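Computed from a prediction, not measured in an experiment: that's the story for all the values here. Each chain gets a letter, A, B and so on, in the order the sequences are listed, and its residues count up from 1.
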2 protein chains.
Amino acid sequence: AAATFSQVALAPCSFSGCHLQEVVYKLNALLVCCCFVFCRRPPKLRQISWLLFVFFSSDIEISRAQSPKAVDVLAKEIGLLTDEIEIYGQTKAKVRLSLLERLKDQPDGKYVLVAGITPTPLGEGKSTVTIGLVQALTAHLKINSFACLRQPSQGPTFGVKGGAAGGGYAQVIPMEEFNLHLTGDIHAITAANNLLAAAIDARILHENTQSDKALYNRLVPVVKGVRGFSSIQLARLRRLGINKTDPETLTEEEISRFVRLDIDPSTITWQRVVDTNDRFLRKITIGQANTEKGFVRQAQFDIAVASEIMAILALTTSLEDMKERLGKIVVANDKKGEPVTAEDLGVTGALAVLMKDAIKPTLMQTLEGTPVFVHAGPFANIAHGNSSILADKIALKLVGEKGFVVTEAGFGADIGMEKFFNIKCRASGLVPSVVVLVATVRALKMHGGGPSVSAGAPLKKEYTEENLQLVADGCCNLQKQIQITQLFGVPVVVALNVFKTDSPAEVDLVCKIAKQSGAFDAVPCNHWSDGGRGAVKLAQAVEKAANQKSSFKYLYSLETIAQKVYGAEDIELSPAAQSQIDRYTRQGFGKLPICMAKTHLSLSHQPEKKGVPTGFILPISDVRASIGAGFIYPLVGTMSTMPGLPTRPCFYDIDLDPVTEEVKGLF
Amino acid sequence: AAATFSQVALAPCSFSGCHLQEVVYKLNALLVCCCFVFCRRPPKLRQISWLLFVFFSSDIEISRAQSPKAVDVLAKEIGLLTDEIEIYGQTKAKVRLSLLERLKDQPDGKYVLVAGITPTPLGEGKSTVTIGLVQALTAHLKINSFACLRQPSQGPTFGVKGGAAGGGYAQVIPMEEFNLHLTGDIHAITAANNLLAAAIDARILHENTQSDKALYNRLVPVVKGVRGFSSIQLARLRRLGINKTDPETLTEEEISRFVRLDIDPSTITWQRVVDTNDRFLRKITIGQANTEKGFVRQAQFDIAVASEIMAILALTTSLEDMKERLGKIVVANDKKGEPVTAEDLGVTGALAVLMKDAIKPTLMQTLEGTPVFVHAGPFANIAHGNSSILADKIALKLVGEKGFVVTEAGFGADIGMEKFFNIKCRASGLVPSVVVLVATVRALKMHGGGPSVSAGAPLKKEYTEENLQLVADGCCNLQKQIQITQLFGVPVVVALNVFKTDSPAEVDLVCKIAKQSGAFDAVPCNHWSDGGRGAVKLAQAVEKAANQKSSFKYLYSLETIAQKVYGAEDIELSPAAQSQIDRYTRQGFGKLPICMAKTHLSLSHQPEKKGVPTGFILPISDVRASIGAGFIYPLVGTMSTMPGLPTRPCFYDIDLDPVTEEVKGLF
């Protein structure tokens, strides 16, 4: 049976100490102030900054005010054996997949998805709700729970968005570890992705500049007097239908087929990646050095988390399955229109070696000492935007039958949740018990016709003063997202993430409309300011909803998603999209799930259409494929896969104190 | 006082068990053979492969046959406190710099450098000598010792060269950890390097597309009603001589100077990096997407270890010093010809944050359980090619006064050792006690006029059969490298790395000539086949030599290095080189040490000139600067900073067993 987290884990939770520390700070600050007043000296700039720090303490300061427990202690508390973890520093550990085998007979816990209404560009706090909810469940209600989160990209951390560890008193700690290299998974993905990219261009160059015989002599060299195929080459021979194992017996025609992948450079879909917001790499020309002999071509870099290898990491169910998916990655077509894979390039084993540690989920903790898995973070538009199946599976075993695993879907429910159900649950076979739908008064007002909201600009007064009409009008979006959830047959609890400018009447109104619209329950949450304590009501509602009967079902076909989920009248395929669909069908990929690449800022394809747009035709401009990850992705408009740096990037405020080693300015 | 490594650490060394295991393997194989003979069935290919495996067991199999001890046990054995290490998995740990403060009054151990004669392209085994020597010292002579090694790039691991963990019975284990991500330092360097690169181009774009006022409003925004400079901006104001702290008080002219770095795109020297052999990125055009509004320019990617940030990591002496060096990095000139730095871009703090863990050396172990630091691995041509000063400093404290720290210089002594003395020792203030000069009969025969040696091609018979004349003729190179060492006033012990094809007469001849040429001693080493036992005589010679008086001195100026070290008649500066020297002198960088970028395959600038070339003029084609690392590097010919993938890259043989999780094919 599962360990009881609450008994061992959270008795010594120093959360309240955290508040105490803050009080001590503020008292100190007051003393300093008085000192200034009585001494009648103007305070110096440094002193002012310090005062500001104390009164407006930010997420990272809250994070630091709490000392995380040692991760080996946490691991023991939640029932992990010593040889099932690999410790990385004091506060992070990788968990071995062998645990799944040991606990295979243990029943799974309840599976909860946190999704959201159509958000403003500022985000509505799904991560904080996820963390607040597990803090409430485990630290306050003494129910085993686990949060399974995505690893954030370092691009946005240093760019516009900042970190992604939650916020206020609902955070993963230490937040600087969470937001930086973590245990190196994204770096491993970058290395694997770029090795494959380098292999493609190098292979084209070598094939273009060598005869069949020269290629064969190099690919199958005589080593210590013996000439032999490697196992990866033997596999290629079998795929080509050449049932020979002695390199000396191949005919010239067989040699030619063996040595030439004949990649058509214009069909290459595999891009290089970096985990940096580097807009100048969005479109580049490569191969311009003399050594590449004129084989230039246009290419691009994507942000690392947009790599198909990230999507594979998120969807894989074992090391064996991951290796198989890596081999299946289609990188281009050959000149006959047949797909060329990573396996054809002989790089499957190397990719698997580079990813061997990344496949293990990383264990961290919330501000209240409850366990968190951080694992995978695929793009939510061109991929499915959900954390890993493996982390969820392990967590479901660890919490035990009565426990809860809470995970988060990217974007609004129309995209993130839809993909969670249709792609992630399909791959894992796991059945969700409850959906928590996060809403804010701010986003609802926007849907009700409020002025536009954008990052960096101050909020208009509609958002800071009570306006019941805007809220009431905007609830149509909430209602629609509730209905979408119900299409999948899963009970929904609405979590209203309360901001301090929301009036009690606004909060009550949202909850009332949510319940009228079919939500099992709707509760205001104050986890940002109060931690788990502020999400206890939500936790109680989720626990009740989980006892409801879930009649979960997949909902499919491109048309169904467009019409039933988005509310489109129909879809319209561009000629390019149609011809890609025909090609994928011919290549045998016609049965793969569909991963829609659509804006998250509207239910429709037009970000400016708020509320519940109707009467639109969804245009599919192109269709692409992630064969290793196992889905086809229709593009609804252009999707940027490389963010840029703004004029004043986040890194302006990020600093390291070389004496205390403390990180400043991450938030 | 230092812990006594030998008492605690190596009693349970299972090295002999390693041999035993091999014997068991071979007996098993014999049984299988007999079985075939008696059953008269032709053995299947798979079985043959298995037999081959057993009889020609490779480095990774030897590595795996030995179980490494847990790294926390090793750490305790060598006197590290629990809070001085950060464990990464079972076999790696980062060591905190706080240890230097704790042990500051402890005397340093002896400092030994392993350098080599001018090598063949196959390398002459400096790493195996380094590891064999510490295994001999600690596991056999019971003298505390530490090996300090460079972290290898993943590029060559998957490209041509393969891994770099030593070889045979002188290895760092587990070799797959050593050769892959390790503790993420190179990934951190890549992230920091590329953030700085992205910041440069984004800044140029924003300056080109915005007015002074718009830039100022974005760079110094009103936040919660208050407008203030960040600390990094205040520092910039001070550098500009603007002594103001209130953003509202700057004049228009001051605003313009503050907001515009005015980078001249044609002078950008900061390149992007990847840790992959990707030849198509040697020359590229960036910024071709519409969003970049036509600001295209030519650029390149280097291999990650060629980043100046890697050189900084290797030369830094503290977190504070690293942050200062990062800020000083010159990335370009402005339109007036003044240097633009990372600090000007406001990114110093972010770079330091990305590098905060990379600055801690990684602790691993040899095959015989003795301690190893792996830390930094800068390019040996455009940088100084030595592992980190911090690892050496920590190791020198840990081994204690009577102990030894053995580290390795890249390339031949003419480059690697020269840079070790003139750049690394100058930055650290450490004084070397002994140089071990590694030679092989193979390389000496090449210098004596033997046929050319190249990777991949079988060795000619001159190298596999006794040929005393070639050896005698080639010893001129050994003699010259001994003389170079003596110029610096450090005693030299020649280590002849013995191959099984070397005849006893050849071995004796080399040792005789070496001693005649001024070496303190010269001994044959068999560490590859015998581990530390095979290097005991070397260890004894090194111990004796360390008691000699070292009269170490720097040896400097471009001319001195060219003439006294390389044996050139003179140097010849190209006009470009001369104008760069003038510019650096004008910018105040004229006093920096010089880091020669020269081929390692000859004492001269022409790789085909073997032995001891004379009568040549050393041409300096260009001069560049790594201001953060703190050196100027004159280019002697073209230096490639991005290797390529061959037709049959190493990755063809690399695989992962998804059941046992074992890595195959790394060597």
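- Other residues, nucleotides and ligands contribute over 12 non-hydrogen atoms within 6.0 Å of the CG atom of B:Asp83.
- Residue B:Thr285 touches chain A through both its backbone and its side chain, counting heavy-atom pairs closer than 4.5 Å.
- At a 4.5 Å heavy-atom cutoff, B:Gln300 makes no contact with chain A through either its backbone or its side chain.
- Heavy-atom distances place no part of B:Ala299 under 4.5 Å from chain A, backbone and side chain included.
- Looking at A:Val353, the atoms closer than 4.5 Å to chain B (heavy atoms on both sides) sit in the backbone and in the side chain alike.
- Contacts of B:Asn277 with chain A are made by backbone atoms alone, with heavy-atom separations under 4.5 Å and no side-chain atom involved.
- Closest of all the heavy-atom pairs between A:Phe295 and A:Leu205 is CD1-CD1, 3.4 Å.
- With a 4.5 Å cut-off on non-hydrogen atoms, A:Lys360 touches chain B through its side chain but not through its backbone.
- Heavy atoms of A:Leu351 lying under 4.5 Å from chain B are absent altogether.
- The aromatic ring centroids of A:Tyr88 and B:Tyr88 lie less than 6.0 Å from each other.
- With a 4.5 Å cut-off on non-hydrogen atoms, A:Leu345 touches chain B through its backbone but not through its side chain.
- Residue A:Ile303 comes nearest to A:Thr276 through the heavy atom pair CD1-O, 3.6 Å, listed as atom of the first residue, atom of the second, then distance.
- Between B:Glu86 and the options B:Lys356, B:Lys94, B:Arg96, a salt bridge (charged side-chain N to carboxylate O under 4.0 Å, His left out) holds for only B:Arg96.
- The most heavy-atom pairs under 4.5 Å with chain B, out of A:Ser640, A:Gly644, A:Gly346, come from A:Gly346.
- Contact of A:Pro646 with chain B is made through the backbone alone, with heavy-atom distances under 4.5 Å.
- With a 4.5 angstrom heavy-atom cutoff, B:Gln298 touches chain A only via side-chain atoms.
- A:Asp201 touches chain B through backbone and side chain together, each having a heavy atom under 4.5 Å away.
- Proximity to chain B is absent for every atom of A:Glu324, based on heavy atoms less than 4.5 angstrom apart.
- Contacts between A:Ile232 and chain B at a heavy-atom distance below 4.5 Å involve the side chain alone, from C-beta outward.
- Remark: the B:Glu177 side chain and the B:Thr91 side chain contain no N/O donor-acceptor pair separated by less than 3.5 Å.
- No side-chain donor-acceptor contact under 3.5 Å links A:Asp653 and B:Ser230.
- Looking at A:Glu207, neither its backbone nor its side chain comes within 4.5 Å of chain B, counting heavy atoms on both sides.
- Residue with the most contacts toward chain A among B:Lys283, B:Gln154, B:Gln210: B:Lys283 (heavy-atom pairs, distance under 4.5 Å).
- Only the side chain of A:Phe301 comes within less than 4.5 Å of a heavy atom of chain B; its backbone N, CA, C and O stay farther away.
- Residue A:Asn290 qualifies as open at atom CG: its count of foreign heavy atoms under 6.0 Å is 12 or below.
- Per-residue heavy-atom pair counts under 4.5 Å with chain A were compared for B:Met322, B:Arg648, B:Glu661, and the maximum is reached by B:Arg648.
- For A:Gln90, the part lying near chain B is the side chain, with the backbone staying farther off; criterion is any non-hydrogen pair under 4.5 Å.
- In this model, no donor atom of one side chain and acceptor atom of the other lie less than 3.5 Å apart for A:Asp275 and A:Thr190.
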Item to complete: Mind running side-chain contact (heavy atoms from CB on, under 4.5 Å) on A:Leu656 and A:Lys664 for me, showing each step along the way?
Response: CA-CA 6 Å; A:Leu656 181 74; A:Lys664 298 170 187 172; over 6 Å; no
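- With sequence neighbours excluded, the residues forming a side-chain hydrogen bond (donor to acceptor under 3.5 Å, both in side chains) with A:Arg282 are B:Thr291, B:Glu292, listed by chain and number.
- A:Arg272 touches chain B through its side chain: at least one heavy atom from C-beta onward sits under 4.5 Å away, while N, CA, C and O do not.
- For chain B, the nearby parts of A:Leu195 are the backbone and the side chain; heavy atoms of each come within less than 4.5 Å.
- Of all heavy-atom pairs between A:Ala191 and B:His187, the closest is CB-CE1, 4.3 Å.
- Between chain A and the residues B:Thr348, B:Leu354, B:Val659, the most heavy-atom pairs under 4.5 angstrom are made by B:Leu354.
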Discussion item. As a quick check of understanding, evaluate side-chain contact (heavy atoms from CB on, under 4.5 Å) for B:Leu261 and B:Arg203, giving each step before the final call.
Written reply: CA-CA 8 Å; B:Leu261 300 183; B:Arg203 182 65 179 240; 3.8 Å; yes
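- No side-chain donor from either of B:Glu84 and B:Ser98 sits under 3.5 Å from a side-chain acceptor of the other.
- Both the backbone and the side chain of A:Arg279 come within contact range of chain B, each with at least one heavy atom under 4.5 Å from a heavy atom of that chain.
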